[in-house]
Every structure is written in structure tokens, then in C-alpha cells.
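Count residues from 1 along the sequence.
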Amino acid sequence: MSILHVEDLNVYYGSIHAVKGISFDVEEGEIVTLIGANGAGKSTTLNTVAGLLKPREGKVEFEGESLLGIPPHKIVSRGMALCPEGRRVFLQMSVRDNLEMGAFTRTNSAEVADSLEMVFERFPRLKEREGQSAGTLSGGEQQMLAMGRALMSKPRLLMLDEPSMGLAPILVQEIFNIIKALHDAGTTVLLVEQNARMALSIADRAYVLETGKVSMSGNAADLANDERVKQAYLGG
Ligand code: ATP
């Protein structure tokens, strides 16, 4: 059984048909990436899986159970967290308070404290800045904060939407190293990226999205060597 099964997903914004029958699976322990150009439907797909958008048709199943009609916060309690495009951290709040917001579905305060320790170990820079407001952090640090916040719900599936967006190359490398480390520590990852080269380099499998449909899929290493993928997404 896949940890996440998406079948024939169709999502509209009014009359705009943004996702046109997308199907994909994520197996436990994998890193799966959705790559594709601007507007291909990657964010719409993630936001629908997370319960933020309602599909007109299709199936979304997490650990064998349908998520359709389940509100986003309940989806988080079931073990799936989204780190959204643009980070969306609470700029006026402290780093620590942002992280604690990520644990809003959890009731055991000792366990939440353990998770906070784990996030601070993983992101020492957040520990150094725990009392600072998030708005004073750099872009890379805000990305780390958004990822740390998502981890505070202890997800079994972590969904990341464009974690490398707007970051300098050295920080992109750092963020990808962290994604790898989280995966090595047992988290299954669904990654949306425009940086196809980096995404394919850490993923097990990939799906290429074009104008709301899956145009290609397979082993990430094979796709990275595919001529069409090279031409369209890896700069030739
Ligand atoms: P990006 O990397 O730019 O986020 P994407 O692959 O994630 O691209 P989506 O953001 O999912 O693509 O957009 C898919 C399609 O839906 C695009 O045609 C886009 O213009 C449209 N779209 C996205 N959000 C909205 C919205 N709120 N209202 C109307 N149309 C939208």
C-alpha cells in the first residue's frame, strides 16, 4: 500500500481547469518529486492533497484512507504536513512561537518539547535566533523555519513546495542536504520543485507535470538522463 495515492485528480479555479486528471503514488520511505514549469499545476496538486483546495474529481488516499472532505488541520493530525510555497511564516512572531504553532494538533507537551529540541538540533541557526521575530530572518533561515514548523507535527509524510525558491545556490544545497537528512531519519518526502536538477538528484522517483497533466514519470536518475527532460528542464 502506498503512503499516498492520488488518482485522476481534477481541480478547478472557477472555470480554469488547473489539474487535469493527475495520478501518482508515494511509497513509504521514498522521496518523490513533482517537477514542471511555472503553472504546470504542482502547487495546486500539493494544496489539494493537503486539503486546502477541493478537487472536483479524483481520489486522495493517505495510508489507505480517503482524505476528501477532511479539513486541513485534521489531515495534519493524521500525519501529513505541508511546508508551503513562499514559506508563510508568521513574521511578527518569534522563531520559537512559529515552531510551537506547528505543533497545534498535539496535546502532549513533553513530546512537543522533544520535537522542539529535535528541530533545534537539526537547525542550530533557529536555536540561536529562537527569540527573534521571524521577519528578521534571512530567506534561507525563513525556509528552515517553515520546514521546522512542518516537522513540529511529527509528520510521516512531509510535503515541500519549492523549498529552494529565491535562495542563493549555497543555501539551496544546504536545504537539499537537510531534506536528505530528514529522509534518512525516516520521513517520506513529496517535493515540488522548479529546480529540476536538484530535485532529481535527491529523489527516488519523479513525475513531470505539463499543463495540468503527468507527461512523464519514472526513476529520477533515468529521467535526469532523458533527452526530453534535459532539453526542457535541465538547460539542455
Ligand atoms: P508555480 O511554480 O508557479 O507555483 P505550479 O506548477 O505550482 O507553478 P499552479 O500554481 O498549481 O502551478 O498553477 C496551475 C494553474 O492554475 C496555472 O494556470 C495558474 O495560473 C492557475 N492558478 C493557480 N492559482 C490560481 C488561482 N488562485 N486562481 C486562478 N488560477 C490559478
Side-chain angles (χ1 to χ4, degrees), residues 4 26 31-35 42-53 72-73 75-106 112 114-195 198-199 202-203:
L4 179 66
V26 180
I31 300 182
V32 170
T33 184
L34 310 180
I35 60 172
K42 305 181 298 295
S43 299
T44 304
T45 300
L46 275 203
N47 290 336
T48 307
V49 169
L52 299 167
L53 293 170
H73 66 281
I75 292 179
V76 175
S77 340
R78 285 192 183 199
M80 185 197 288
L82 170 68
C83 181
E85 181 170 2
R87 289 126 205 173
R88 309 284 186 101
V89 296
F90 304 103
L91 296 172
Q92 322 288 343
M93 286 171 50
S94 71
V95 165
R96 190 191 177 94
D97 287 349
N98 266 277
L99 291 172
E100 284 176 349
M101 291 293 281
F104 74 102
T105 58
R106 300 174 64 190
V112 171
D114 285 347
S115 291
L116 191 63
E117 271 319 297
M118 181 274 288
V119 168
F120 282 150
E121 268 170 40
R122 180 83 59 200
F123 302 98
R125 255 186 281 175
L126 297 183
K127 172 78 184 160
E128 287 162 24
R129 290 160 175 71
E130 66 174 308
Q132 249 169 266
S133 64
T136 65
L137 301 181
S138 70
E141 289 162 357
Q142 287 189 16
Q143 182 59 45
M144 292 175 196
L145 180 55
M147 289 168 70
R149 182 183 56 189
L151 290 173
M152 288 297 291
S153 67
K154 242 187 156 183
R156 293 185 293 286
L157 175 64
L158 175 64
M159 299 192 290
L160 299 162
D161 194 350
E162 301 270 5
S164 79
M165 192 164 64
L167 300 184
I170 185 153
L171 279 171
V172 172
Q173 187 62 59
E174 191 173 340
I175 294 292
F176 274 82
N177 288 343
I178 293 167
I179 297 170
K180 250 192 266 175
L182 292 171
H183 171 251
D184 291 345
T187 308
T188 305
V189 176
L190 176 59
L191 170 67
V192 156
E193 260 299 338
Q194 277 199 46
N195 189 332
M198 290 297 287
I202 64 162

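Shortest non-hydrogen contact noted between L82 and A50 is CD2-CB, 3.9 Å. The minimum heavy-atom distance between L167 and P163, with the atom names listed, is CD1-O, 3.6 Å. Taking both residues in full, the closest heavy atoms of L190 and L157 are given as N-CD1, 4.1 Å, listed atom of the first, atom of the second, then distance. Closest heavy-atom contact between A150 and P155: O-CD, 3.5 Å.
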Just list the side-chain donor-acceptor pairs under 3.5 Å for residues 134-143, sequence neighbours left out, or say none.
from, atom 1, to, atom 2, distance (Å)
T136, OG1, Q132, NE2, 3.0
T136, OG1, S133, O, 2.7
S138, OG, E141, N, 3.2
S138, OG, E141, OE1, 3.4
E141, OE1, S138, N, 3.0
E141, OE2, R129, NE, 3.4
E141, OE2, R129, NH2, 3.4
Q142, NE2, A134, O, 3.3
Q142, NE2, L137, O, 3.3
Q143, OE1, R87, NE, 2.8

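Checked against side chain to side chain donor-acceptor pair (under 3.5 Å), N177 has the following partners two or more places apart in sequence or in another chain: Q173. Every residue two or more places apart in sequence or in another chain that forms a side chain to side chain contact (heavy atoms under 4.5 Å, CB included) with V112 is listed here: A103, R106, M152. In this view, T44 and Y13 satisfy the side chain to side chain donor-acceptor pair (under 3.5 Å) rule, not counting sequence neighbours. Taking M101 as the reference, F90, M93 meet the side chain to side chain contact (heavy atoms under 4.5 Å, CB included) condition, with sequence neighbours excluded. Residues that satisfy the side chain to side chain donor-acceptor pair (under 3.5 Å) test with T33, not counting sequence neighbours, are absent from this structure. Scanning for side chain to side chain contact (heavy atoms under 4.5 Å, CB included) contacts around I75 gives L67, I70, M80, with sequence neighbours left out. Remark: E130 pairs with R96, K127 by the salt bridge (charged side-chain N to carboxylate O under 4.0 Å, His left out) rule, at least two apart or across chains.
With rounding to the nearest 0.5 Å, the separation of CG in N47 from CG in L53 is 5.0 Å. Note: C83 SG to M147 CE = 6.0 Å, rounded to the nearest 0.5 Å.
Side-chain atoms of I175 and M198, non-hydrogen and from C-beta on, never get closer than 4.5 Å to each other. Side-chain atoms of V172 and N195, non-hydrogen and from C-beta on, do get closer than 4.5 Å to each other. The shortest distance between side-chain heavy atoms of L158 and T188 does not fall below 4.5 Å. Residues K42 and E193 fail the side-chain proximity criterion, which asks for heavy atoms closer than 4.5 Å. Between V95 and F123 there is no side-chain heavy-atom pair separated by less than 4.5 Å.
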If you apply the rule side-chain contact (heavy atoms from CB on, under 4.5 Å), what do you find for Q194 with I35, and how did you get there? CA-CA 6 Å; Q194 277 199 46; I35 60 172; over 6 Å; no
Give the C-alpha distance, both sets of side-chain angles, the deciding distance and a yes or no for side-chain contact (heavy atoms from CB on, under 4.5 Å) between L34 and L191. CA-CA 6 Å; L34 310 180; L191 170 67; over 6 Å; no
Worked verdict on I179 versus L160 for side-chain contact (heavy atoms from CB on, under 4.5 Å): CA-CA 9 Å; I179 297 170; L160 299 162; 3.7 Å; yes
Quick one: do R122 and L182 satisfy side-chain contact (heavy atoms from CB on, under 4.5 Å)? Show the steps, please. CA-CA 9 Å; R122 180 83 59 200; L182 292 171; 3.5 Å; yes
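For the salt bridge (Lys or Arg N to Asp or Glu O under 4.0 Å) condition, the pairs that include at least one residue of residues 160-174, sequence neighbours left out, are R125-E174. Applying the side chain to side chain donor-acceptor pair (under 3.5 Å) test to pairs two or more places apart or on separate chains, those with a residue in residues 144-160 are E63-R156.
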